[in-house]
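Just so you know, these numbers use all the heavy atoms, side chains as well, and skip hydrogens, waters and symmetry mates. Order of the sequence lines sets the chain letters (A, B, ...), proteins ahead of strands, with each chain counted from 1.
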Amino acid sequence: MSSHAGTIDHHHDPSTSTGIPNKKLLMWAFLASDCMFFATLISTHLIYRLHPPAGGLDPKVVFSPELTSFSTFILLMSSLMMALAVTAIQKNNLKSCRLSLLSTILFGMVFLGCQVYEFNHFVLEKKMTLSNSLLGTTFYTLTGTHGCHVAIGVLWLCLMYVRSFKTAIPGASWFGKNIVHVLVLLGALLLSLKATLGLVHAVQVDGFSGAALGHFFAAEWLAAIGTVAAVAILIGFARQAGPVDFNEKHAIDVESMGLYWHFVDIVWIVIFTAVYLLEYLK
Amino acid sequence: MRLNTLLLNTARWGRAALALGSLVFLAGCDFNFWRMDGHQSTITVDGPVARSQYDVFMVTVWVTIVIFVIVGAVLAYATWKFRAKSEADEHAETPPQSHGNPMVEIGLIAASIFALVIIAVPTLKAIWYTYDVPGGDTREKFDALQKKGEVYEVTATGYQWWFKFEYPTEQINGTGALVTANELVIPAGTPVRINVRTMDVIHSFWVPKLAGKVDMIPNRANHLWLQADKAGYFWGQCAEYCGDSHAVMRFRVVALEKKEFAEWLESQKLAARDVAPKVAATGAKAQFAALRSFKQNEYGFTEKFAAEKPLSSLLETWRAKQLPEKGEDADLIAKGKAAFAAKGCIGCHAVRGHGAMGVTAPDLTHVGSRTTIAGGLLENNREQLHRWIHDPGAVKPGNKMSLAYARNDYYGKPIDGIKLTAEDEAALVAYLESLK
Amino acid sequence: MDLAQSTHLTKEDHAPAAQPKLLWTPTAKTGLIGWLTTVDHKKIGFLYGFFALIFFLVGGVEALLIRTQLMFPNNNVLTAQQYNTMFTMHGTTMIFLAVMPLSAAFFNFIMPLQIGARDVAFPRLNAFSLWTFVAGAIILNIGWFIPGPNHGAPDGGWFGYAPLTSKTYIPKHSIDYWVMGLQLLGVASIAASLNFIVTIINMRAPGMTMMRLPVFTWMTLITAFLLILSFPAITIALVELMMDRNFSTNFFEVSGGGMPILWQHLFWVFGHPEVYILILPAMGIVSEILPTFSRKPLYGYPIVVFSGASIGFLGFAVWSHHMFTTGMGAVATAAFSLLTMCIAVPTGVKMFNWIGTLWNGRLMMRTPMMFALGFVWMFMIGGFSGVMHSAAPADAQQQDSYFVIAHFHYVLIGGSIFALLGGIHYWFPLMFGRKVSEFWGKLSFWVIFIGFNITFFPMHFLGLNGMPRRTFTYDANMGWSTANYIATLGAFLLGIGIFIYFVVMAYTFFKGEKVGKDIWDARTLEWSLPNPPPEYNFRVIPTVHARDAWWYEKHHKEEIAKEQAALAKAEAEHGGIHMPNQSIWPFVASLGLLVVGVGATYFESDWSPGIHAKLGTVLVGGVITFIGIYFWSIEGNAGYHLHLDENGNPIEDKHAKH
Amino acid sequence: MSAHAPASHAAHDHSHDVSKYQIYVQIAMLLAVITGVEIIAVYLPFAKWLIITALVVLSTVKFMFVIFYFMHLRWDKPFCTILFFIGLVLASGTMWALLTLFSAEASIPLPTS
Ligand code: HEA
Ligand code: HEA
Ligand code: CUA
Ligand SMILES: [Cu+2]
C-alpha cells in the first residue's frame with residue numbers, strides 16, 4: 001500500500017495468492033509464449049538451411065562474423081546495464097537507475113544500428129535480398145523479427161525513462177514537458193542510430209584508424225553534433241528538481257521490462273549460435 | 001409404385017412424418033443412404049490396399065461400437081435410475097457427497113488402453129503394408145520387380161483442375177514418355193506405384209475403391225501404390241481443396257487385363273490419327289445448328305452413362321470408345337485440324353503427330369478414346385465436347401482454358417482471346433472425336 | 001504466504017498525484033461511452049458473448065447456404081467461388097468468432113467469480129483483448145463489403161494451405177483479410193489468456209488452493225496455456241504467408257526452393273491444440289453443470305483436472321494426424337497415429353467421471369442438464385470417429401471426406417456448442433436475474449438435438465461413400481443424393497431449433513421470470529452472489545474452506561457469517577472496496593490495430609505507388625496504437641473506493657479522490 | 001499489511017543486493033568470454049559433431065546464466081521457473097520434432113528446382 005514503510009520485498013507480493021507480483025507473472029507467461037514464437041521462426045530457418053535449394057546463396061560468403069560478434073557483445077552489455085537498473089531502483093537509487101536505463105537504451109540503439117548496417121550491407125554489397133533467395137527470406141525475417149523485439153524494447157525503455165520524471169507534486173503540470181522529453185529522446189535515438197551507421201561504415205572501410213574517424217566526422221558531423229545536442233538537452237531534463245513519482249514501488253515495472261529485455265538477449269544467444277556460428281563449421 | 005408404399009408407411013407416423021417423407025421422395029430418393037456401394041465407396045472395395053484400409057476401419061468400428069454400447073448403457077441407466085421424479089423430489093434428500101474411487105478409475109484406464117491396443121496393432125501393420133509396393137520399397141528392388149513385369153509405375157501430376165498421367169517406362173521413339181490425361185489406365189492384378197506430383201497447388205490423388213488418398217504437394221516426392229483385383233472402371237477425385245473448381249477435378253482409372261493393357265499401350269503410343277479428307281469436298285454439314293443450351297453445372301452425363309451400372313458394363317463403354325466412330329465426316333475433321341492450329345489450341349495442348357506440342361493442358365493425342373473430358377466432369381460425347389469448347393468457363397468455373405477465350409472482365413471491358421464460330425466449333429468437335 | 005488473508009486490500013490504490021486534463025477518467029456506467037471504456041470483467045464478458053452469438057448466427061446462415069447448395073446434385077444456388085467463400089468463412093467464423101469468444105465470455109464473466117476475485121488481474125488489458133478481437137472480426141469480414149475483382153471474403157479454406165493462398169493462385173485481397181484478421185484475433189487471444197493465467201494463479205480468494213479451483217476455472221487455465229503456446233505458431237505462419245504475398249519472399253514459393261508442406265506443419269502445430277481450446281472450456285462447463293444438477297460433487301475431481309492437463313499437453317504432440325496423407329513416411333505416421341490414440345485415454349477418464357457423477361445422484365432434469373447430457377452422448381460419438389481417424393490407414397480413406405465433417409461437427413456442435421448453449425442456460429439467472437422457461441428451453445434442446453443428428457449422422461455415410469469435402473457440386477450417380485438431402489433437411493430443423501433458442505433467450509432477457517439468488521442450489525462461489533452480481537462482485541472476499549466452496553458455506557452458515565462480518569469490518573477500515581477506473585485507452589490502442597490491419601491488407605496493388613499508401617496507413621495505425629498505449633501507461637492503474645451500505649449498495653461519493 | 005512482510009526477509013534481501021552488482025558484472029564478463037570461446041571454437045579443426053555439441057552446451061550455459069541470474073529466477077519463486085520452462089520445453093520439443101520430420105527421408109524436397 002501507499003503507506004508502506006520500510007523495505008519492500010521484491011520477490012514477494014503479499015497481495016497475490018502465490019506471492020509473485022502480477023506483472024512478473026504476466027511477463028513470464030508471455031515469455032513462455034514468445035519461446036514458441038521464436039522456436040517456429042528458428043525452425044523455419046534451420047529447416048531451409050538443412051534443405052537449401054540448389055544454387056542458393058552461401059551464408060559464409062554473406063555473413064561478416066566480426067560485426068555480428070560485436071553486436072552480440074553489445075547486447076550482452078545492455079543486458080548487464082538492464083540488470084543494474086533493476087537493482088538500482090529496488091534500492092531506490094533513482095539516479096543510478098536512470099543512468100543504467102539510458103545506457104541500456106544506447107546499447108540497444110547501437111545493436112539496432114549494427115543490424116541496420118548489416119541488412120543494408122547484405123542487400124547492397126552481398127546482393128542478398130528478402131526475395132531473391134531462400135536464405136535471404138528466412139534470415140531477414142528471423143533476425144528482423146528479433147530486431148523488432150529490440151526496437152520495441154528500446155521504445156519501452158524510453159517510456160520508462162521519461163516516466164521516471166513524473167512529478168509527485170500534486171497539481172503540478174508535467175505532462176507537456178513529458179511529451180517534449182519523449183520527442184527529444186526519440187530524436188537522440190534516431191541521430192545516434194545515424195551516427196552508429198556512419199561509424200560502423202567508416203570502420204568497415206578504413207579499419208580501426210584515425211582515417212576512419214576522420215571520414216566519419218566528415219560524413220556524419222551533423223548527426224554527431226545533433227546527438228551531442230540532444231544528449232545535452234536530456235541532461236538538462238535530468239537535472240529537474242523536485243520529488244518524482246518513481247521509486248522502489250515501481251521496481252516491478254522496471255523488473256518486468258528487464259525480463260523482456262533479457263529474453264531478447266537470450267534469443268540472440270540462440271540465433272548467434274544457430275544462425276551465424278554453425279555456418280562456419282567446416 | 002414406391003410413392004404409394006412410402007406414403008402408406010409414413011402415414012402411420014402422423015402428418016409431420018408424412019410431410020417429411022414425401023419431401024424426401026420429391027428429391028427422387030429413398031431412405032437407403034447407408035447403402036454404401038457408390039462409385040467412390042470406401043466400403044465395397046476392389047483392391048488389396050483399400051481392403052486393408054477398410055479392415056483397419058472395421059476394427060475401429062467394432063471396438064468403438066462395443067465401448068459405445070457399454071458406456072451408453074451405463075449412462076442411460078444412470079440417467080434413468082437416478083433422475084428426480086418431480087420437482088419436489090429434486091430436493092427430497094441430498095445424495096451422499098462421494099468423491100470418487102481410484103480403483104475404478106485405474107481399472108477403466110487400463111480397459112481403455114487395452115481397447116486402444118486392439119486398434120493399434122492392425123493400424124501399425126497396415127501403415128507399413130500400404131506405404132509402398134510389397135517387396136519393392138527401394139529403387140533397386142522395385143526396378144527388379146518391374147523388369148519381371150510384376151509391378152508397374154506411373155507418374156500422376158495434378159494441375160488446376162485436371163490430372164496428367166505419365167508412363168515413364170513407355171518411351172515413344174525417344175521423344176519422351178507416353179502421356180495421357182484424366183483417365184489412368186493400369187494393368188489389373190498388378191501392384192502399381194504412382195508417383196504423385198503437382199505443377200501448382202496441392203491436390204490429392206484418390207481412387208477410393210483402390211486405395212486411400214495421397215496428397216500431391218509441391219516440392220515433395222510423394223507416392224502411393226494400389227492394385228485393382230480385376231479389370232474395371234473406377235472413379236477418382238481430387239481430395240484436397242485446390243481452388244475454384246476443386247469439386248470437379250475428377251478422373252477415372254481403368255484397369256485392364258495384362259494383354260489388353262499391352263494392346264492399349266501400343267495404340268496409345270501411335271501418333272494421332274489422320275483422317276484423309278475426301279478429294280471432292282462437299283462442305284461440312286452444319287451439325288450443331290440446334291445446340292442445346294446448358295445451364296451452369298448442368299449434369300454432364302447421359303442417362304446411359306450415368307446409371308449405376310456394374311463395372312463391367314462401364315468397361316464396355318470405355319472399350320467402345322477405343323474404336324473410330326462410323327460415318328466420320330472427313331472434311332469437317334480436316335477443317336477442325338486446321339482450326340485447332342489457327343485458333344491457338346496448339347499453344348496449350350499437344351496432339352502428337354499433328355504438330356501441337358503444348359504442355360500446360362491435357363494431351364489430346366487420343367482424346368477421342370477417353371470416356372470423359374474436362375477432368376471427368378463431362379461425358380465425352382458430341383454435345384458435351386461442344387459445350388466445353390464453346391464456353392469452358394461456364395462449365396468449369398475459372399478453369400485455365402477459359403482464360404484464353406474472349407470475354408468480359410469484371411467491369412465489363414472486353415478481353416481479347418479465342419473466338420469460335422459455330423462452324424469452327426463443329427469442325428473442332430469432329431476433329432477431337434476423331435482422335436482415337 | 002498464508003491464504004487465510006484477504007487479498008484485495010493491498011492493491012495499489014493511491015490516486016496519481018496530478019492528472020493532466022487529457023487524462024480524462026470516464027465514469028459513465030451505461031451508454032456508448034460506458035461500454036467502450038468499461039473495464040468490468042462482467043461487462044466485457046457480456047460483450048464477448050454478444051458478439052460471439054451474432055457471429056454464431058452469421059456462421060449458421062453461411063452453413064445453411066452451404067447445405068442449400070448441396071441439397072440436390074448439381075445444384076445452382078451458389079457459384080463455385082461463392083461456395084468456397086462460404087465454407088471458408090463458415091469455418092473461420094464458427095471457430096474464431098463464435099466458439100472461442102463465447103468461451104472467452106464465460107472465462108471473463110464466470111471465472112473471476114468462481115475464484116472469489118473482484119476483477120481480473122489486468123482490467124484494462126482485458127478491455128484491450130475485447131476490442132482487438134472486434135477489430136480482427138471486422139477485418140476478417142470486411143471483404144464481403146468491398147466490391148471489385150480484387151476483393152472478396154476469404155476463400156482459401158479455414159486452414160489456408162499454401163501455395164493456394166499465395167499471390168500466384170489467389171491474387172485477390174481476400175486472403176490478406178484472412179491473414180490480418182487472424183493475426184489480430186491471435187493478439188487478442190494471447191493478451192486475454194495471459195490475463196486469465198495471472199488472474200487464476202494470483203487472484204484466488206484466501207483458501208482457494210489450486211486443488212479447490214472449480215473445474216471450469218481449471219479448464220480456463222489450461223485453455224489459456226494452450227492459447228499462449230499454440231498461437232505463436234500460427235502467428236509466425238501467417239507472418240510468413242504475408243511476407244510471401246506482399247514482399248515476394250520464398251517461404252512457400254516453390255520456384256525459390258520453398259516447401260509448402262511447412263505451412264501445414266506450422267498451421268497444425270497451432271491447429272490441433274486449437275481444437276482442444278474449443279472443447280476444454282465446454283468440458284469445464286459440463287463439469288459444473290453435472291454436479292450441480294446431480295446434487296453431488298464431481299466424481300474424481302483430481303483425475304478430471306489431471307486428465308484435462310494431459311489432454312492439453314498431449315495436444316501438442318499429435319498435430320501431424322491432420323497430415324496422414326501428406327506422405328510423412330511410415331515411422332512418423334505410426335508415431336503420430338499412436339500418440340493420437342493416447343488422447344482417448346484422458347478423454348475417456350473424463351467421460352467415466354461424468355457418469356460417475358450421475359451415479360447415485362438425484363438428477364434434476366432441467367434444461368442445462370439436458371444440454372450437458374446431450375454433450376456427453378454426442379461428444380462420445382464424435383470422439384469415437386476421432387479415434388477412427390487416428391488409425392492412419394483408415395484415415396487415408398476418410399481424410400478430407402465428409403467423414404471428417406461428421407467427426408468434427410459432432411465434437412464441435414455436439415461438444416462445444418451444446419455445452420456453451422447449456423452454459424448460457426445455467427448461468428443466465430446469475431447474469432441477468434431471470435430464468436428461461438423450462439418448457440421452451442427443453443423444446444429448443446430437443447429440436448436442436450434431433451436436427452443436429454439428422455444433419456450430421458448421414459455425413460458419416462457420405463464420407464465412407466467417398467464424398468470429398470469442400471465440393472460445391474456432385475453428380476447424381478454417386479449415391480450421395482439422399483444423404484445430402486436428408487442432411488439439408490436436418491440443417492433446417494437445426495436452424496429452427498437455434499432460432500427457438502435465441503428467441504427464447506431474447507424474450508427471457510427482457511421479460512423472463514425474475515428469480516432469486518442461487519436458483520439451482522449450486523456449489524461454486526459465483527452462486528453466493530446476488531443476481532445480477534454487483535460491479536464489485538464480492539462484498540467481502542470469501543474465505544474458502546472446501547472444494548465446493550458455496551455448498552460448504554450453505555452447510556456451515558453460522559461459522560461463515562461470523563467470519564465474513566469480521567472481514568467486512570477489516571475492509572471498511574481499510575477504506576472500502578478498491579475499484580479500477582474506466583479507461584478509453586485500450587479501445588484507442590485496438591482502434592490503432594484495426595487501422596494497421598486495414599493498411600496491411602487493403603491498399604496494396606490498388607494504389608499506384610501502392611506500398612507508400614499502405615505503409616502510411618500502417619504507420620498511422622501504429623501511431624494511434626502507440627498513443628493509446630502511452631496514455632494507458634501514463635494514466636497508471638488508478639482507481640477509486642466504494643463504500644457499501646447494509647444492502648450492498650454503494651454510498652454516494654464514490655469518485656472522490658483521496 | 002506492511003507488518004506482514006517479515007523483517008528477517010527484508011534483511012536477507014539486503015545482503016543480496018550488496019553483492020548483486022558484483023555478481024552481475026562477473027556474469028557479464030563470463031558471458032563475453034564464452035561468446036569469445038564460441039567464436040574461436042568454430043574455426044578449430046575438431047570433428048563437426050564435437051564442435052556442434054560444444055556450441056550447444058556453451059549456448060545453453062549462457063542461456064541459463066542469463067535466465068537464472070539476470071532474470072532472477074534463482075531468487076524468485078520456483079513457479080516462475082516452471083512457467084517459463086513449460087514454454088521452453090514445448091518450444092524445444094516442437095523444434096526438435098519439426099527438424100526431425102523434415103530430415104526424414106520421405107520429406108526431402110524434390111531434387112530439381
Ligand atoms: C472440439 C474439437 C475436437 C475434438 C475434441 C477432437 C477430438 C479428437 N479428434 Fe478431431 N478434429 C477436429 C476437432 C476436434 N477433434 C476438427 C475441427 C478436425 C478437422 C479439421 C479440418 O480438417 O478442418 C478434426 C480432425 C481430426 C483428425 C484428422 C482427420 C483428417 O483430416 O484426416 C483426426 C485424426 O486423427 C482427429 C482425431 C481426434 C481424436 C483422436 C480426438 C480425441 O480427442 C477424441 C477422444 C474421445 C473419445 C475417444 C470418446 C470418449 C472416450 C471414451 C468413452 C473412452 C474409451 C474410448 C476408447 C478407448 C476408444 N480429429
Ligand atoms: C464450431 C464450429 C462449427 C459449427 C458450430 C458449425 C455448424 C454447422 N456446420 Fe460447419 N464447419 C466448421 C465448423 C463449424 N460448423 C468448420 C471448421 C468447417 C470446415 C471449413 C473448411 O473446410 O474450411 C465446417 C464445414 C461445414 C460443412 C462442409 C462444407 C464443405 O466442406 O464443403 C458443412 C456442410 O454441411 C457444414 C455444416 C454446418 C451446419 C449445418 C452447422 C449448423 O450447426 C449451424 C447451425 C446454426 C444455424 C442454422 C443458424 C440458425 C440461425 C437462424 C435460423 C437465424 C437467422 C437469423 C438471423 C441472422 C437474424 N459445416
Ligand atoms: Cu485438385 Cu482439389
Ligand atoms: Cu487434431
Side-chain angles (χ1 to χ4, degrees), chain B residues 27 29 33-34 36 38-43 53 56-57 60 64 74-75 78 82-84 90 94-95 97 99-100 105 108-109 112-113 116 119-120 123-124 126-128 130-131 201-202 208 212-215 217-220 222 237 239-244 246-247 297 299 306 308 397 410, chain C residues 74 76 80-81 149 157 161 163-164 169 254 259-261 295-297 299-300 303 325-327 330 333-334 337-338 341 344-345 348-349 352 355 358-365 384 387-388 391-394 396-397 400 458 461 464-466 468 470-473 477-479 481-483 485:
Chain B
C29 313
F33 63 79
W34 51 85
M36 280 182 294
H39 292 313
Q40 293 187 5
S41 172
T42 65
I43 304 295
Q53 289 160 335
V56 172
F57 172 65
T60 66
T64 50
V74 178
L75 178 55
F82 302 112
R83 79 189 193 287
E90 285 175 351
T94 314
Q97 303 288 303
H99 283 279
E105 311 265 9
L108 288 169
I109 290 175
S112 306
I113 293 176
L116 289 174
I119 296 176
T123 297
L124 291 183
I127 287 175
W128 265 272
T130 57
Y131 184 63
V201 302
I202 301 177
K213 62 189 74 63
V214 169
D215 296 349
I217 300 174
N219 210 355
R220 200 173 164 87
N222 279 350
Q237 183 156 2
E240 186 62 76
Y241 175 56
C242 50
D244 289 349
H246 157 68
N297 292 349
Y299 199 40
E308 291 174 29
Y410 180 85
Chain C
N74 289 304
N76 254 330
Q81 287 90 340
Y161 277 179
L164 180 63
Y169 300 104
V254 179
M259 291 188 260
I261 189 81
R295 308 183 54 69
K296 265 183 73 206
Y299 191 86
I303 301 186
T325 58
T326 59
T333 305
S337 198
L338 296 186
M341 288 177 194
V345 176
V349 166
F352 302 140
I355 298 177
L358 301 180
W359 201 264
N360 263 334
R362 187 162 288 272
L363 311 187
M364 304 158 64
M365 287 301 184
F384 287 149
V387 170
M388 295 175 192
Q397 291 282 25
D400 269 338
F461 297 95
L464 295 174
N465 214 354
R470 298 173 161 188
T471 49
F472 69 95
T473 191
N477 62 341
M478 303 304 288
S481 312
T482 318
Y485 186 71

Heavy-atom contact with chain B under 4.5 Å, split by part of C:Tyr169: side chain

Leading residue by heavy atom contact count with chain B [cutoff under 4.5 Å; candidates C:Gly300, C:Ala344, C:Ala392]: C:Gly300

Top contributor to chain C contacts, counting heavy-atom pairs under 4.5 Å, from B:Gly243, B:Cys242, B:Ala239, B:Pro218: B:Pro218

Closest-packed option against chain B by number of heavy-atom pairs under 4.5 Å, given C:Pro297, C:Gly348, C:Gly361, C:Pro163: C:Pro297

Test side-chain contact (heavy atoms from CB on, under 4.5 Å) applied to B:His39 and C:Asn477, step by step: CA-CA 8 Å; B:His39 292 313; C:Asn477 62 341; 3.9 Å; yes

Sidechain-backbone polar pair: C:Gln81 side chain, B:Asp244 backbone, donor-acceptor under 3.5 Å: no

Choice from C:Pro393, C:Gly327, C:Ala334 maximising heavy atom contacts with chain B below 4.5 Å: C:Pro393

Heavy-atom pairs under 4.5 Å with chain B, option from C:Pro468, C:Ser337, C:Pro149 with the top count: C:Pro149

Under 3.5 Å: donor-acceptor pair, side chain of B:Ser41, backbone of B:Met36: yes

Check: B:Lys213 side chain, B:Glu240 main-chain N or O, donor-acceptor pair, under 3.5 Å: no

Over all atoms of both residues, closest heavy-atom pair of B:Ile119 and C:Ala391: CG2-CB, 4.4 Å

Among C:Leu338, C:Asn360, C:Leu358, residue most engaged with chain B (heavy-atom pairs, under 4.5 Å): C:Asn360

Qualifying residues under side-chain contact (heavy atoms from CB on, under 4.5 Å), relative to C:Ile303, sequence neighbours excluded: B:Glu105, C:Val349, C:Asn353

Options B:Ile202, B:Val74, B:Ile113, ranked by heavy-atom pairs under 4.5 Å with chain C, top entry: B:Ile202

Sidechain-backbone polar pair: C:Asn465 side chain, B:Gly38 backbone, donor-acceptor under 3.5 Å: yes

Distance-only side-chain donor-acceptor flag, C:Thr326 / B:Asp215, under 3.5 Å: no

Working for side-chain contact (heavy atoms from CB on, under 4.5 Å), residues B:Phe57 and B:Ile43: CA-CA 9 Å; B:Phe57 172 65; B:Ile43 304 295; 4.1 Å; yes

Interchain contact, B:Ile217 with chain C, by part (heavy-atom threshold 4.5 Å): side chain

When B:Leu124, B:Leu108, B:Ile109 are compared by non-hydrogen pairs under 4.5 Å with chain C, the top option: B:Leu108

Which portion of C:Leu464 sits near chain B, non-hydrogen atoms under 4.5 angstrom: both

Contact origin within B:Tyr241 toward chain C - heavy atom pairs under 4.5 Å: both

Atom group of B:Asn222 that falls short of 4.5 Å from chain C, counting heavy atoms: side chain

Largest heavy-atom contact set with chain B, pairs under 4.5 Å, which of C:Leu363, C:Ile355, C:Thr333, C:Val345: C:Leu363

Residue pair C:Met388 / C:Ala394: nearest heavy atoms and the distance that separates them: O-CB, 3.9 Å

Chain C contact via B:Arg220 - side chain, backbone, both or neither, heavy atoms under 4.5 Å: side chain

